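What follows is a set of notes on a single structure, which appears directly below.
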Amino acid sequence: MVLQNVMNDLMDEVPASQQIDESIKCRILSLCDSIRYLSPTSNADAKNLEYQFVQSVKDLKVLMKNTTLNKEKIFEEIDNLESILSRRKRY
């Protein structure tokens, strides 16, 4: 599953991020856990949400290069990921 691979890549980068906030780690782990329970689908709307999720993870990776400077934006991006995932679960 594409989403699982994207999140695994993100998790590989989390330990390398300097001084990452524990709450950020917990929320990312929660996202990883939630993705495991998604059912594969060929629905076009679900695929679009998956694409949005992947793009958002890419944005998060960039933000995490400087967690001190980007802390608020990181939380906003995680909020966005949670929202996308919540909508994707409907399919």
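Only a predicted model underlies this, so the values are computations on that prediction, with no experimental measurement involved. Side chains included, hydrogens not; waters and symmetry mates left out as well; all remaining heavy atoms used.
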May I ask whether [X] and [Y] are part of the same hydrophobic cluster, defined by side-chain heavy atoms of I, L, V, M, F, W, Y residues being less than 4.5 angstrom apart, directly or through others?
X: Leu38; Y: Leu29; result: yes
X: Leu10; Y: Val2; result: yes
X: Leu81; Y: Tyr51; result: no

In the structure I gave you, are the side-chain heavy atoms of [X] and [Y] within less than 4.5 Å of one another anywhere?
X: Thr67; Y: Asp21; result: no
X: Arg27; Y: Asp79; result: yes
X: Met7; Y: Ile28; result: yes
X: Glu82; Y: Leu85; result: no

ask   = Going through the checks in order, is the side-chain hydrogen bond (donor to acceptor under 3.5 Å, both in side chains) test met by Gln4 and Asn8?
value = CA-CA 6 Å; Gln4 187 68 43; Asn8 287 340; 3.3 Å; yes

Out of curiosity, [X] [atom1] to [Y] [atom2], how far, rounded to the nearest 0.5 Å?
X: Phe53; Y: Asn80; atom1: CZ; atom2: CG; answer: 9.5 Å
X: Arg88; Y: Ser34; atom1: CZ; atom2: OG; answer: 12.5 Å
X: Leu31; Y: Cys26; atom1: CG; atom2: SG; answer: 11.5 Å
X: Glu72; Y: Leu63; atom1: CD; atom2: CG; answer: 11.5 Å
X: Lys65; Y: Leu60; atom1: NZ; atom2: CG; answer: 11.5 Å
X: Asp59; Y: Glu76; atom1: CG; atom2: CD; answer: 12.0 Å

Sole residue of Asn48, Val57, Leu49 in side-chain contact (heavy atoms from CB on, under 4.5 Å) with Ile84 |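 Answer to the side-chain contact (heavy atoms from CB on, under 4.5 Å) test with Ile84 among Asn48, Val57, Leu49: Leu49.
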
For Met11 versus Cys32, what's the shortest heavy-atom pair and its separation?
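The pair with the smallest heavy-atom distance is CG-SG, 3.4 Å.
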
TODO: Work out which heavy atom in Ile20 is nearest to a heavy atom in Ile24; give both atom names and the distance.
DONE: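 So the minimum-distance heavy-atom pair works out to CD1-CG2, 3.7 Å.
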
Query - Trace of the side-chain contact (heavy atoms from CB on, under 4.5 Å) decision for Lys61 with Asp9 - result: CA-CA 10 Å; Lys61 285 181 181 181; Asp9 289 346; 3.6 Å; yes

Show your reasoning for whether side-chain contact (heavy atoms from CB on, under 4.5 Å) applies to Glu50 and Val54. CA-CA 6 Å; Glu50 290 177 4; Val54 169; 5.6 Å; no

Please check: side-chain N/O of Lys73 versus main-chain N/O of Met64, any donor-acceptor pairing under 3.5 Å?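 No, because the side chain of Lys73 does not come within donor-acceptor range (under 3.5 Å) of the backbone of Met64.
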
side-chain contact (heavy atoms from CB on, under 4.5 Å) for Arg87 and Asp45? Distances and angles first, verdict last. CA-CA 10 Å; Arg87 288 180 280 150; Asp45 292 334; over 6 Å; no

